[in-house]
Amino acid sequence: WQRAGALVRWIVPAGIGISPTPIPRPQAIFAVAPSDSSLRPLLTVQPLAKLLGIEVETRFASDQVDELLQEARGVPGAVLLCWRHQSMPEIAHRLCPDLVPAPQWSQHCFDQAWLFAPAGDTWTMRQLAQQLLPGDSGQSHA
């Protein structure tokens with residue numbers, strides 16, 4: 001809950017004179033379909049979705065990466081995906097197939113974000129350190 005609340009202000013800062021956000025404000029939010037064992041992705045983005053007045057789309061399962069990305073690409077503007085750790089490398093590979101080495105996401109990592117941006121006919125990827133809570137890593141990777 002602490003991270004979910006902190007992510008709101010990381011993406012949508014409150015106040016005057018706040019520095020630019022590290023990622024664009026999402027026009028759509030996708031979270032992997034909840035399972036009996038985990039609601040974490042949905043719970044992580046619900047506070048942000050509520051603030052932005054966006055319904056979180058949860059109809060795609062972990063293994064429906066192609067369907068997810070096809071729908072996400074149809075959204076005008078930025079899209080936020082909150083997914084399971086084990087599916088993140090596949091999402092990165094689908095968007096940036098030429099990345100070497102292939103990006104990995106540790107199952108114990110909750111303080112990073114991957115930012116994908118279109119660059120002509122391809123995509124670029126940056127790993128961002130959130131640095132939102134005590135103990136978060138300060139390491140961002142290109």
Side-chain angles (χ1 to χ4, degrees), residues 1-133 136-142:
W1 287 108
Q2 286 179 323
R3 183 162 311 279
L7 282 169
V8 170
R9 292 301 170 213
W10 191 58
I11 296 170
V12 183
I16 298 172
I18 303 294
S19 61
T21 62
I23 62 175
R25 183 180 292 210
Q27 303 303 305
I29 300 174
F30 293 82
V32 67
S35 70
D36 292 338
S37 63
S38 176
L39 296 172
R40 184 182 299 221
L42 175 60
L43 295 175
T44 298
V45 295
Q46 275 183 330
L48 176 64
K50 184 175 181 178
L51 176 76
L52 296 176
I54 296 173
E55 186 75 26
V56 178
E57 177 56 65
T58 60
R59 74 176 184 270
F60 298 106
S62 290
D63 62 350
Q64 292 182 293
V65 171
D66 287 331
E67 295 89 341
L68 163 71
L69 292 177
Q70 181 177 356
E71 176 125 350
R73 285 181 174 132
V75 174
V79 173
L80 176 67
L81 305 178
C82 192
W83 228 249
R84 301 212 192 292
H85 289 103
Q86 63 269 25
S87 298
M88 293 303 296
E90 182 179 357
I91 290 170
H93 177 72
R94 294 272 201 267
L95 292 173
C96 304
D98 296 331
L99 283 178
V100 176
Q104 297 299 311
W105 193 293
S106 166
Q107 67 178 353
H108 305 291
C109 177
F110 298 98
D111 63 353
Q112 302 285 312
W114 287 356
L115 176 65
F116 298 95
D121 292 337
T122 63
W123 290 75
T124 62
M125 179 192 144
R126 286 187 7 204
Q127 185 170 342
L128 305 173
Q130 295 171 0
Q131 298 179 300
L132 299 173
L133 301 175
D136 278 2
S137 169
Q139 300 294 316
S140 290
H141 306 282

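For the numbers below, each heavy atom of this structure counts, side chains included, while hydrogens, waters and symmetry mates do not.
Across all their heavy atoms, Q64 and R59 have their closest contact at OE1-O, 3.6 Å. The two residues G77 and Q27 come nearest to each other via the heavy atoms CA-CG, 3.9 Å. Among all heavy-atom pairs drawn from P34 and R84, the shortest one is C-NH2, 4.2 Å. Counting all heavy atoms, side chain and backbone alike, S62 lies closest to S87 at O-OG, 3.3 Å. Closest of all the heavy-atom pairs between R73 and R94 is NH2-O, 3.9 Å. Counting all heavy atoms, side chain and backbone alike, A92 lies closest to W114 at CB-CZ3, 3.6 Å.
Partner L81 forms a side chain to side chain contact (heavy atoms under 4.5 Å, CB included) with one of V32, L68, V65, I29 and no other, that one being L68. Checking V45, T44, L48 one by one against V56, the side chain to side chain contact (heavy atoms under 4.5 Å, CB included) holds for a single residue, V45.
Under the 4.5 Å side-chain criterion, counting only non-hydrogen atoms from C-beta, P26 is in contact with L52. Side chains of W10 and I23 form a contact here, defined as non-hydrogen atoms less than 4.5 Å apart. A heavy-atom distance below 4.5 Å is found between the side chains of L43 and Q46.
Separating the CG atom in D63 from the CD atom in Q86 is a distance of 10.5 Å, to the nearest 0.5 Å. Rounding to the nearest 0.5 Å gives a distance of 7.0 Å between CD of E67 and CZ of F60. Taking CG from L115 and CH2 from W123, the interatomic distance works out to 10.0 Å, rounded to the nearest 0.5 Å. Taking CD1 of I54 as the reference point, atom CG of L80 lies at 8.5 Å (rounded to 0.5 Å). Residue T58 holds its OG1 atom at 6.0 Å from CG of L42, rounded to the nearest 0.5 Å. Within the model, atoms CG of L95 and CD of E90 stand 10.5 Å from one another, a figure rounded to the nearest 0.5 Å.
Panel note: side chain E55, backbone E57; no donor-acceptor pair is recorded below 3.5 Å. Distance alone, capped at 3.5 Å, is enough to place a donor-acceptor pair between the R9 side chain and the V12 backbone.
Sorted pairs that involve residues 24-48 and meet salt bridge (Lys or Arg N to Asp or Glu O under 4.0 Å), not counting sequence neighbours, are lacking altogether.
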